[in-house]
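Before any comments, here is the structure.
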Amino acid sequence: MELLQGLNEKQKEAVLQTEGPVMAIAGAGSGKTSVLTKRIAYLIFEKNVHPGNILAITFTNKAANEMKERVRHALGINTYDMWISTFHSMGARILRDHIERLGYKRNFQIIDDDDTQQLVKSLMKKRNIDTKLFSPKIVRNLVLKMKFDEDFIHSVEAPYNEIVARIYKAYQAYLFDSNLLDFEDLLLLTIRLLQQEEDVRAYYNDKFRYVLVDEFQDTNNVQYELIKLLVNDDHNIFIVGDEDQSIYAFRGANIENIRKFKKDYPEHYLVLLEQNYRSTNTILDAANHIIINNTARIPKKLFSTKGKGEPITHYKGVTARDEVEYVAQTVQNMVHRGYEYNDFAILYRANSTSRMFEDVFLQKQIPYRIFGNTSFFKRKEIKDFTAYLRFILNNDDAFSFLRVIAVPRRGIGAVSIEKITTYAAEKGLAFSDALRLCHEYLGTSVANKLDAFMAIIRDFRTQLDELPFDDFVDYVLEKSGYIDMLKTDDKGDVRYENLMEFKTILAENNEIYGDLTKEEMLTFILEDIALKSEESKEDVENGVTLLTLHSAKGLEFRVVFIVALEMGMFPLARTFGDRFEFEEERRLMYVGVTRAKEKLFLTNADMRQTYGETVRNPDSKFLEEIPQELMTKEGYSVAIRRSTNVNDVYRKPELKRQILKKRQSLLDSDNVNDIKKGDKITHDKFGDGIVVSVAGEHCIIAFSVEHGVKKLLKDHPAIKKRK
DNA sequence: AGGTCTTTCCTTTTT
DNA sequence: GGAAAGACCT
């Protein structure tokens with residue numbers, strides 16, 4: 001059969017065993033994605049299964065998109081009827097149709113993690129809980145756990161237990177009243193719906209005859225529960241996973257689910273995919289030697305028919321800058337030798353590491369793509385504008401109101417808003433009604449301002465139906481005063497451009513959802529934005545890929561650089577004391593190494609700036625775990641390491657003190673602006689100016705007319721003396 | 001209330 | 001070193 005061409009025996013089994021539960025344990029690079037897509041093709045072409053009867057669940061949007069792409073293009077199947085999505089978008093899609101059964105309104109909006117964090121904080125403040133003494137971050141995490149299991153609160157210790165219990169209640173009520181769902185709700189409410197409403201469950205059980213779950217090792221208990229509710233009595237469930245690649249325990253992923261699956265579906269068919277089609281044996285050897293250090297795992301050894309390949313290169317830079325320059329230089333050299341920019345990936349543990357690479361790549365004109373990081377949709381202006389859209393659609397959305405009322409400022413501040421919410425609470429009114437009826441509570445001037453604002457919002461609601469999206473966006477930006485506000489913002493130009501970019505995105509969606517009402521359309525678009533956090537904006541055709549180790553999962557590249565391999569950077573310092581967490585770091589390393597097809601570079605630096613301070617981290621433990629004969633060493637590691645022992649700095653306090661002292665004196669001399677009255681200086685932000693007077697640490701400087709006269713710290717780094 | 005300067009916290013990782 | 005929150009001044 002043509003479809004099965006190029007598959008090995010094990011892979012064929014995984015495709016052909018269509019009925020009943022199947023568990024495929026698939027090592028890195030074992031052709032898992034192609035098994036998944038071919039299985040879908042086989043179901044449709046050979047078993048005549050309707051695409052609408054297939055549900056494929058992935059973990060990230062990137063994986064979902066890639067699977068869609070492959071099913072659509074490589075196999076020529078129309079994915080329109082097929083559900084290929086993440087757990088969360090699947091939940092949203094089901095809830096959009098049935099959530100009224102749970103008392104919510106169907107035009108609910110999704111609130112992202114940043115916003116829940118803020119919400120918890122403001123709820124704490126409103127209840128006079130000191131957010132300095134009690135971290136809102138901890139409270140929020142505990143509240144989220146309580147969402148999964150209310151009994152969880154009994155294991156929380158005083159005094160947090162009482163606070164968390166209160167905030168949990170308030171938080172849930174707030175979301176419900178505002179018709180908002182957080183990420184957890186997307187799963188939990190779907191479960192509640194399926195448990196509570198038998199006919200709904202029957203509908204989906206009948207619809208989803210074949211369920212496929214990718215990256216099963218990353219499912220948490222709630223997601224597993226959801227899978228079980230969706231799988232019907234035929235038990236046609238296919239899961240693919242690899243416990244060595246479980247990297248989401250921090251988010252509740254539970255490797256135990258693999259064992260639970262075995263128990264819940266005792267009749268399951270097991271397939272082991274161990275042959276690797278991706279990497280050279282040198283790379284696999286290194287990966288095997290790293291992962292073997294983890295205690296809790298089923299032994300598994302990847303093998304490959306590819307040759308030995310090139311050795312791994314470890315480069316140690318003198319500074320982090322040096323490390324980055326080396327990476328850039330190496331990329332360029334290899335491109336001259338015939339590689340494409342597309343062939344390279346730079347992998348790092350934390351998003352913040354990407355900054356310096358961006359700097360250097362820009363400078364050297366190396367094209368690159370960057371995944372994740374500050375997503376387009378998390379920018380202030382975009383969040384502001386989406387808050388407008390949300391509030392226009394739903395006047396009960398108090399959270400969006402708070403944002404919108406303050407940009408631009410409208411003379412309605414914290415005090416007045418507090419009055420409105422108190423009023424709503426006392427009278428038991430919906431937020432939208434409170435906004436209409438609260439006049440007596442407010443001063444006349446504030447009441448008038450609020451009226452004027454609500455009139456604008458009502459007008460926006462009318463215009464939404466009247467105007468094409470393009471014009472609607474311009475209309476809102478103009479009439480809300482947002483455009484005027486940007487004129488005084490020093491980042492106004494960039495912000496404006498981003499908003500125009502956002503307009504384009506809306507217009508594109510307009511075409512996709514052409515047959516819906518404007519309101520429905522906008523609701524879908526906002527949902528999309530909330531769930532698909534990242535959209536690689538700069539669409540470089542051929543560029544180096546910069547991404548975190550987490551988002552690298554499932555991808556492969558000819559050449560991979562894993563950077564900043566230092567104790568504290570990777571593995572992260574906070575994981576040192578916890579074996580469980582440390583082993584997750586190691587799995588992350590394993591994922592990183594196995595992304596490489598031909599050549600692997602491991603880099604780090606002797607010195608780097610962290611939090612604005614120079615630190616010297618020892619080499620990452622993971623470097624030692626790779627057999628040294630697989631590696632060649634370059635850079636600092638060869639030249640200098642023998643003469644200075646980095647660890648001395650940590651062992652000898654007096655040495656450390658000396659270094660600190662020297663560093664301090666360097667800092668001091670760097671920052672001292674020996675300026676006197678009458679000196680001409682230049683300021684990073686205010687431009688050129690003349691020193692009017694100096695007194696102690698401060699000085700008074702006259703800048704150009706638009707900035708005027710300012711009192712500033714004399715030694716502020718933004719001030720430089722002009723020659 | 002709003003703007004500016006100063007201090008604080010920070011880095012996991014994703015939906 | 002940089003963003004966000006807070007303190008302080010107008």
Side-chain angles (χ1 to χ4, degrees), chain A residues 57-64 85-92 110-114 116-118 121 125 131-132 135-137 144 181-187 215 218-220 222-223 246-253 320 347-356 359 371-375 377-378 380 406 408-416 445-446 449 488-489 527-534 547-553 564 568-575 581 584-585 587-588 591-592 608-614 667 685-686 697-698 707-708 710-713 716-718:
Chain A
I57 304 174
T58 63
F59 213 67
T60 62
N61 290 307
K62 205 185 297 161
S85 69
T86 62
F87 276 103
H88 291 86
S89 9
M90 174 187 73
I110 297 156
I111 175 171
D112 70 28
D113 268 3
D114 291 346
T116 61
Q117 177 78 63
Q118 244 185 305
K121 194 171 178 185
K125 282 189 173 164
T131 51
K132 281 244 168 73
S135 144
K137 212 170 176 179
L144 292 189
L181 268 57
D182 62 18
F183 284 135
E184 284 67 34
D185 285 333
L186 293 174
L187 307 177
E215 308 282 11
D218 286 328
T219 52
N220 63 27
V222 173
Q223 289 161 339
S246 161
I247 53 175
Y248 286 99
F250 73 92
R251 208 170 92 184
L347 272 45
Y348 35 81
R349 178 65 235 264
N351 274 311
S352 53
T353 313
S354 69
R355 179 172 283 141
M356 208 186 281
D359 280 358
F371 281 106
N373 221 356
T374 18
S375 126
F377 297 116
K378 284 193 172 149
K380 182 184 177 298
R409 308 259 173 207
R410 290 190 177 78
I412 301 176
V415 182
S416 310
S445 108
V446 176
K449 285 175 191 161
T488 58
D489 183 339
E527 174 183 313
D528 240 36
I529 289 169
L531 292 176
K532 293 173 190 165
S533 50
E534 114 242 314
L547 74 182
T548 63
L549 287 143
H550 280 88
S551 40
K553 190 158 68 161
M569 300 291 292
F570 183 34
L572 285 175
R574 62 185 337 144
T575 66
E581 284 190 41
E584 180 146 310
E585 296 285 300
R587 288 193 294 270
L588 207 46
V591 168
R608 78 170 58 240
Q609 299 277 116
T610 320
Y611 302 146
E613 261 200 281
T614 307
L667 269 175
K685 196 166 162 197
F686 308 124
E697 293 183 328
H698 291 92
H707 296 299
K710 293 194 188 299
K711 183 178 172 188
L712 300 168
L713 272 174
H716 196 280

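For clarity, every value in this text was computed on a predicted model and none was experimentally measured.
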In whole angstrom, give the distance that lies between atom CG of A:Leu547 and atom P of B:dT13.
12 Å
Using whole Å, report how far CG of A:Leu549 lies from P of B:dT14.
10 Å
Among B:dT15, B:dT14, B:dC10, find the nucleotide with the atom closest to the side chain of A:Thr548.
B:dT14
Between A:Arg410 and A:Tyr611, which has a closest nucleotide on DNA chain B that is more 5'?
A:Arg410
A:Asn351 side chain near B:dT14 phosphate (N/O to OP1/OP2, under 4.0 Å)
yes
Closest to the side chain of A:Arg355, out of B:dT15, B:dT14, C:dG2, is C:dG2
Any residue meeting ring-ring contact (aromatic ring centres under 6.0 Å, His included) with A:Phe59, in chain and number order, not counting sequence neighbours:
A:Tyr248
For the pair made of CD in A:Glu585 and C1' in B:dT11, what is the distance, rounded to whole Å?
12 Å
Return yes if some donor-acceptor pair links the side-chain N/O of A:Glu584 with the main-chain N/O of A:Ala249 below 3.5 Å, else return no.
yes
Sidechain-backbone polar pair: A:Arg587 side chain, A:Ser246 backbone, donor-acceptor under 3.5 Å:
yes
Heavy atoms under 4.0 Å, any strand shown: does A:Asp112 hit a base, just sugar-phosphate, or nothing?
nothing
Hey, is the main chain of A:Leu547 close enough, under 3.5 Å, to the side chain of A:Tyr348 for a donor-acceptor pair?
yes
Please enumerate all residues that pass side chain to side chain donor-acceptor pair (under 3.5 Å) together with A:Asp359, with sequence neighbours excluded.
none
Could I get the full list of side chain to side chain donor-acceptor pair (under 3.5 Å) partners for A:Thr219, not counting sequence neighbours?
A:Asn257
Using the aromatic ring of A:Tyr248 (for Trp, its six-membered ring), decide whether it stacks on the base of B:dT13 within the limits of 5.5 Å and 30°.
no
For atom CZ of A:Arg574 and atom P of B:dC10, their distance in whole Å
9 Å
Which residues pass the ring-ring contact (aromatic ring centres under 6.0 Å, His included) test with A:His88, sequence neighbours left out?
A:Phe183
Once you apply a heavy-atom cut-off of 4.0 Å, does A:Lys380 come out as touching a base, just sugar-phosphate, or nothing?
nothing
Short side-chain N/O contact from A:Lys137 to OP1 or OP2 of B:dT11, under 4.0 Å:
yes
What's the CD1-C1' distance between A:Ile247 and B:dT13, to the nearest Å?
8 Å
Rounded to the nearest Å, what distance is computed from the CZ atom of residue A:Phe570 to the C1' atom of nucleotide B:dT11?
15 Å
Calculate the interatomic distance between A:Asp114 atom CG and B:dT13 atom P; express it in whole Å.
12 Å
Side chain of A:Asn61 only, heavy atoms from C-beta on: which candidate in C:dG6, B:dT14, B:dT15 is closest?
B:dT15
Out of B:dT15, C:dG6, B:dT14, which nucleotide sits closest to the side chain of A:Thr86?
B:dT15
Identify, between A:Glu184 and A:Thr610, the residue whose nearest nucleotide on DNA chain B lies closer to the 5' end.
A:Thr610
Partners of A:Glu184 by side chain to side chain donor-acceptor pair (under 3.5 Å), sequence neighbours excluded?
none
CG of A:Asp359 versus C1' of C:dG1: gap in Å, rounded?
12 Å
Can you give me the dot-bracket string for DNA chain B, 5' to 3', counting Watson-Crick and G-U wobble pairs with both distances under 3.5 Å, using [ ] for crossing pairs and | for partners on another strand?
||||||||||.....
Using a heavy-atom cut-off of under 4.0 Å over every strand shown, decide if A:Lys125 touches base, sugar-phosphate, or nothing.
sugar-phosphate
Just to confirm, is there a sub-4.0 Å distance from OP1 or OP2 of B:dT15 to any side-chain nitrogen or oxygen of A:Ser89?
no
